[in-house]
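This report concerns only the one structure given below.
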There are 2 protein chains.
Amino acid sequence: MSAPTLSVASWNINSVRLRMPQVARFLTENAPDVLCLQEIKCMEHLFPRQAFIDLGYEHIALTGQKGYHGVATVSRIPLRDYARHDWQDNGEARHVGVELLGPGEGLILENVYIPAGGDEPDREKNPKFGQKLDFLARMTRWSEGIERPTLLVGDFNIAPLDCDVYDHKALLKVVSHTPIEVETLGQLQAAHGWVDLGRKHIPAPERNYTWWSYRTYWQGKDRGRRLDHMWASPDLAAKSVKHTIAEHTREWEKPSDHVPIITEFAL
Amino acid sequence: MSAPTLSVASWNINSVRLRMPQVARFLTENAPDVLCLQEIKCMEHLFPRQAFIDLGYEHIALTGQKGYHGVATVSRIPLRDYARHDWQDNGEARHVGVELLGPGEGLILENVYIPAGGDEPDREKNPKFGQKLDFLARMTRWSEGIERPTLLVGDFNIAPLDCDVYDHKALLKVVSHTPIEVETLGQLQAAHGWVDLGRKHIPAPERNYTWWSYRTYWQGKDRGRRLDHMWASPDLAAKSVKHTIAEHTREWEKPSDHVPIITEFAL
DNA sequence: GCAGTGCCGG
DNA sequence: CCGGCACTGC
């Protein structure tokens with residue numbers, strides 16, 4: 001018999017209530033076992049729970065707040081609501097962790113929305129930038145203690161490699177691609193030996209964008225960045241067999257500025 | 001040979017830019033010669049002029065302002081941009097008058113958006129209510145000087161007859177149906193002997209609503225009011241042959257809270 | 001550019 | 001409920 005398969009998707013949806021038709025279409029066409037959403041932008045009681053149940057995603061773990069941030073993990077596979085970290089200690093809803101209970105039993109799935117970090121890449125002038133770096137440092141401390149096979153997914157708001165942006169030089173001073181962010185993200189990666197599945201399956205320097213600004217997309221110049229990631233513990237990473245970027249969703253009606261990424265595992 | 005025919009429609013559109021698809025549908029399905037719009041809610045340079053030209057309504061007279069009020073008269077028949085009255089003397093864009101040049105030559109068409117008047121029907125507590133009454137008084141003075149056959153159309157924001165609202169007694173203290181408004185509107189009507197075409201063709205006490213609040217429409221209780229009117233000079237009124245209320249538009253997608261009214265004349 | 005918010009006006 | 005606006009965040 002063949003090994004059981006597991007597929008996990010991640011998508012910064014930029015308001016789940018406004019974008020529910022697109023989410024439904026994505027789930028119908030791609031049928032991942034699990035979908036991790038970021039920026040749901042609603043409180044938990046306003047999450048369109050029934051719509052997900054109707055689509056077969058009846059196992060839901062989420063953390064929300066009014067208007068900003070918020071993450072949700074919806075699943076066809078039973079899951080245990082495992083953890084909620086507040087890596088800024090400021091009450092923002094940026095993480096939800098679950099443990100899969102069906103196929104993929106015991107696997108930990110961490111869904112995170114790392115802070116964008118404001119405009120100015122300077123701790124002094126822009127406190128949000130410091131908060132982003134501190135958030136990453138706390139995730140690094142947390143990573144050091146991980147003992148179980150874990151998949152860390154979400155909108156990291158950092159494009160780490162030169163080839164993860166449309167113009168490396170032009171973006172060195174733009175938050176999301178500054179050397180200090182890339183360095184700090186590197187420390188997080190090293191702390192657990194996280195394997196970057198996006199680059200395992202689509203090796204550098206291949207084009208691999210997951211986000212295009214609303215402001216410039218219409219110009220058609222492909223000014224993308226790779227801000228969304230899936231990182232796996234080394235043992236788990238060895239089992240990933242496919243990784244896709246659902247880039248076509250960026251052309252849908254009323255799209256999110258991010259597109260979904262999907263990884264399949266042979267467990 | 002038969003007498004030339006003229007059809008004139010009036011519609012408070014509650015943002016012409018947002019509602020252009022519905023306007024296009026209305027014009028396509030009803031093909032009035034002239035359409036008078038109120039609450040276009042845009043400045044003149046943002047009026048969707050080309051869309052009207054493409055629909056065959058290439059003769060356009062309008063007055064607009066940012067965000068509020070604004071009226072436009074669009075026509076398949078040539079017209080002369082005739083007048084713009086500021087009956088509040090406060091710069092608000094609430095009136096445009098034209099003279100028809102083709103069929104209906106010489107006919108004056110006055111398109112007006114009378115102030116809503118705020119919530120409290122009390123001059124002292126609510127200046128907007130006083131402004132509404134003063135607006136009507138100035139229109140009355142103006143009416144006294146009219147010498148040419150004129151059609152006065154628009155959103156009057158007053159339901160004059162008991163049967164022009166869903167509950168006369170309940171609305172006696174509600175702005176749009178208070179005795180002082182009805183009395184003041186009556187003086188305006190008397191000043192020129194204006195004939196109320198809505199009630200010429202749909203005699204009281206027949207139901208004749210043109211507006212349903214967004215707030216209560218969903219309850220399905222038919223809580224309508226007749227706020228939109230077409231008033232004609234006596235000689236012109238004698239030539240009206242048909243008057244319809246396009247009530248079905250209230251059920252369209254993203255409707256205005258008002259519906260169009262249409263009068264046909266045999267000239 | 002496009003989400004969210006709050007406020008005003010109807 | 002549903003327009004407009006101004007503001008904020010990404």
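- Separation of the A/F156 and A/W231 ring centroids falls under the 6.0 Å cut-off.
- Rounded to whole Å, atom C1' of D/dG4 lies 12 Å from atom CE of B/M43.
- Using a 4.0 Å cut-off between charged nitrogen and carboxylate oxygen, B/D222 and B/R207 count as a salt-bridge pair.
- Of the residues in residues 177-185 of chain A, none lies under 4.0 Å from DNA chain C by heavy-atom distance.
- Here the C1' atom of nucleotide D/dC10 and the CZ atom of A/R225 are 10 Å apart, to the nearest Å.
- Within the cation-pi definition used here (under 6.0 Å to the ring centroid, within 45° of the axis), B/R250 qualifies as a partner of B/Y217.
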Problem set entry | Contact pattern, 5' to 3', of nucleotides 1-10 of chain C - B, S or - by protein heavy atom under 4.0 Å | BSSS-S--SB
Exercise. Does the ring-ring contact (aromatic ring centres under 6.0 Å, His included) test come out yes or no for A/Y166 and A/Y209, once each step is laid out?
Worked result: CA-CA 9 Å; A/Y166 65 91; A/Y209 307 145; 7.4 Å; no
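- When rounded to the nearest whole Å, the span between CD of A/Q38 and P of D/dC10 equals 15 Å.
- Between A/R19 atom CZ and A/W11 atom CH2 the span is 8.0 Å, to the nearest 0.5 Å.
- With A/W252 as the aromatic partner, A/R25 meets the cation-pi criteria of under 6.0 angstrom to the ring centre and within 45 degrees of the ring axis.
- A cation-pi arrangement is not found for B/R225 relative to B/W212, the charged atom failing to lie both closer than 6.0 Å to the ring centre and inside a 45° cone about the ring normal.
- Between B/N12 atom CG and D/dC2 atom P the separation is 16 Å, expressed in whole Å.
- To the nearest 0.5 Å, the span separating CZ on A/R94 from CD on A/E39 amounts to 8.0 Å.
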